[in-house]
Structure formats: C-alpha cells, structure tokens
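For reference, the structure discussed in these notes is given below.
Please read these numbers as outputs of a predicted model, since none were measured by experiment. Side-chain atoms are counted along with the backbone in the values below, which use heavy atoms only and exclude waters and symmetry mates. Here is the naming used below: chain letters follow the sequence lines, and residue numbers restart at 1 for every chain.
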Number of protein chains: 2
Amino acid sequence: MPEGVPMNFPHACMIKGDGGRTLRRILDQICNKWTLLVVATLDAGRLRFTDLHRQIPGISQRMLTLTLRNLERDGLVSRTVHAEVPPRVEYELTPAGRSLLQPALALAGWAIEHVPQIEASREAYSEQRGRGH
Amino acid sequence: MPEGVPMNFPHACMIKGDGGRTLRRILDQICNKWTLLVVATLDAGRLRFTDLHRQIPGISQRMLTLTLRNLERDGLVSRTVHAEVPPRVEYELTPAGRSLLQPALALAGWAIEHVPQIEASREAYSEQRGRGH
DNA sequence: CTGAATCCATATGGATACTG
DNA sequence: CAGTATCCATATGGATTCAG
C-alpha cells in the first residue's frame, strides 16, 4: 500500500492492482441493468420463469433469458428442468449467488436512500446549466 | 411485506416497490463501466483530471469527462477550477460520494473474491456446452 | 410454458482532432 | 492542462415471431 493514502477498505488496493481490468470484467456483468434485480427477486426462493417475468415488471423475455443464462454460467443461479409437459423450469440462487445478495442489496439500499438527494442535485445542476447560456 | 418470504435485508421490499424502476434508473448510472472505479480512485482524496486519467488505465479522456460530469451532476463529486494558466481542475468526493464508497467497495470486494470461482464456473459451462453439440 | 431467432433502434464508448 | 466535437464501431435491449 502506498504512503499515507486513507484506505478504509481492504480491497481498495486490489481494485487498482491491475487498473481495475479484472474487476471491471466481472463487475460489468454483475452490475448490469437487470442482474441485481433478478438476484434480489430470487431472494424469495425457487421461482419459475414466468414467476420471475411477472415479478420484475419491465423486463423483456429476451433479457430475462439472457440474464438467467449469464447467472447460470457464472454459477450464481441453478436451473432445474422438470420433465413435464408443459415444461416447468425453476431457478434458484446457489450459495455463491446468495453471497452476492448482501453486497448487492447494500448498494441497492444506498441508491434508494439517496434517490431524493440525487434528483435534487440533478435539478439544481440543470437549472445552473440553464442559466449558463 | 408478503407472506413468509425470507427477507434478510430491510430494503428488499422497496426494491420491488415500483418494480425496481426507480432503483434501476439510479443504479444504471452508479453501476456503469467506469463510475465505481472513479469513485474508488477518488478515495485517495482530491485529484486533478490528469491524475485520474493516469490512475485509471484504459479509460478514455471522453469517458473520464462524462463520468465526472455525471458524478458532479448527482452531487457525488465536487469540481474545483483554479484560475491559473495552465488550468488546474481538482475533483473530490462529496460526503454523499464518500457514503457510496463503502457499498461500492463491498460489491467490488465480492467480485474480486469470486473471480476464480466465477471463471471456473464459466469454463465448466462452456465445456458442457461444447460437448452438447 | 420456456425459450431461441430475428430485426431494429438506441446507448455506449473508443479514436482522433481541435480549442482556450 | 482540461476539456469539447466528431466520427464510427460495437453493445445493449425491446418487439416480434417461431418452436419444442
């Protein structure tokens, strides 16, 4: 660790270790438009495709499929196909997926808490800009 | 809160409150390709444009500018222009910005810890797929 | 029901050149 | 030094259609 730089988190050094390249690669996929929301929804337990689709308003079938595939590929979600007709497929967080829940919800919690402040700041900013020219 | 759903985080209900629409809007901007990395770098204190550009390998001038503008607009970073020539501009986290540091680094820490596991899972997944056809 | 495939619009982001 | 402006390639993601 460099000289008197205030590092209040043990991973801060690792983040900058390779310029954040490794971190970015993983984070880009965890932190996208839908992943955190799907993970948060799967906190409720094992759910099937349609349940997820209904509980996450606004997500398209395509994006739900892609998000679930990525989560499955990364070992964060397990996929169970029941040999029935009509087909029934259930998704569930793996232990690794559940371990993501807490930091993900912490970030989500931060976002929710700061929505009013951020939106106020944005309005002030655009007003300022508006007067500017 | 619905029936016996295991909710181990106080904000989980709010996340699904509006289907995550509000959350997504904010989270999409916090959780993009560069924001977390810029915030983490500003943990070191007040930095000028060139310092940030040098400490975040891979970021383009354009994206650093855009990311800083968004953070400034959201009240998470302050921008100080010194009336000198050549110009000197310094960026620093606001208190709100600093409050983002901990959840952001927690998520980053999770990502770093799980990189090996995730990459192993990906390899296994593509091998499986490879055998599939 | 659970997808995969296709089409298309927009967003993101890098490279480069230019400015005060 | 600290940007802005422009061009262009790729990524993202919605809508729709088709299939097992």
Let me know the distance between [atom1] of [X] and [atom2] of [N], rounded to the nearest Å.
X	N	atom1	atom2	value
A:R88	C:dC1	CZ	P	13 Å
B:L68	D:dC1	CG	P	16 Å
B:E90	D:dG3	CD	P	12 Å
B:D51	D:dG3	CG	C1'	15 Å
B:L64	D:dT4	CG	P	11 Å

Identify each atom pair where a protein N or O and an N or O of nucleotides 12-16 of chain D are less than 3.5 Å apart, giving names and distance.
| residue | atom | partner | partner atom | Å |
| --- | --- | --- | --- | --- |
| D:dG13 | N7 | A:R62 | NH2 | 3.0 |
| D:dG14 | OP2 | A:S60 | OG | 3.1 |
| D:dG14 | O6 | A:R62 | NE | 3.3 |

A:L52 vs A:L42 side-chain heavy atoms within contact, under 4.5 Å
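Side chain of A:L52 against side chain of A:L42, heavy atoms only: contact under 4.5 Å found.
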
Going only through I, L, V, M, F, W and Y residues with side-chain contacts under 4.5 Å, is there a path from A:V81 to A:V77?
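Yes: a chain of side-chain contacts under 4.5 Å links A:V81 to A:V77.
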
Tell me which nucleotide among C:dG3, D:dG3, C:dC1 gets nearest to the side chain of B:R69.
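Of C:dG3, D:dG3, C:dC1, D:dG3 is nearest to the side chain of B:R69.
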
Counting heavy atoms from C-beta on, name the nucleotide in C:dG3, D:dT4, D:dA2 closest to the side chain of A:Y91.
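My answer, after comparing the listed nucleotides, is C:dG3.
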
Rounded to the nearest 0.5 Å, how far apart are CD of A:Q29 and OG1 of A:T67?
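Result: 11.5 Å between the selected atoms.
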
Spacing of B:L107 atom CG and B:I30 atom CD1 [to the nearest 0.5 Å]:
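Between atom CG of B:L107 and atom CD1 of B:I30 there are 12.5 Å.
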
Can you name the nearest heavy-atom pair linking A:I59 to A:V38, along with the distance?
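Minimum heavy-atom contact is CD1-CG2, 4.4 Å.
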
Classify the ring geometry of A:F49 against A:H53: parallel below 30°, tilted from 30° to 60°, perpendicular beyond 60°.
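Tilted: the ring planes of A:F49 and A:H53 meet at 30° to 60°.
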
Would you tell me if any nitrogen or oxygen in the side chain of B:T65 comes within less than 4.0 Å of OP1 or OP2 on D:dA2?
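False: B:T65 side-chain N/O out of range (4.0 Å or more) of D:dA2 OP1/OP2.
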
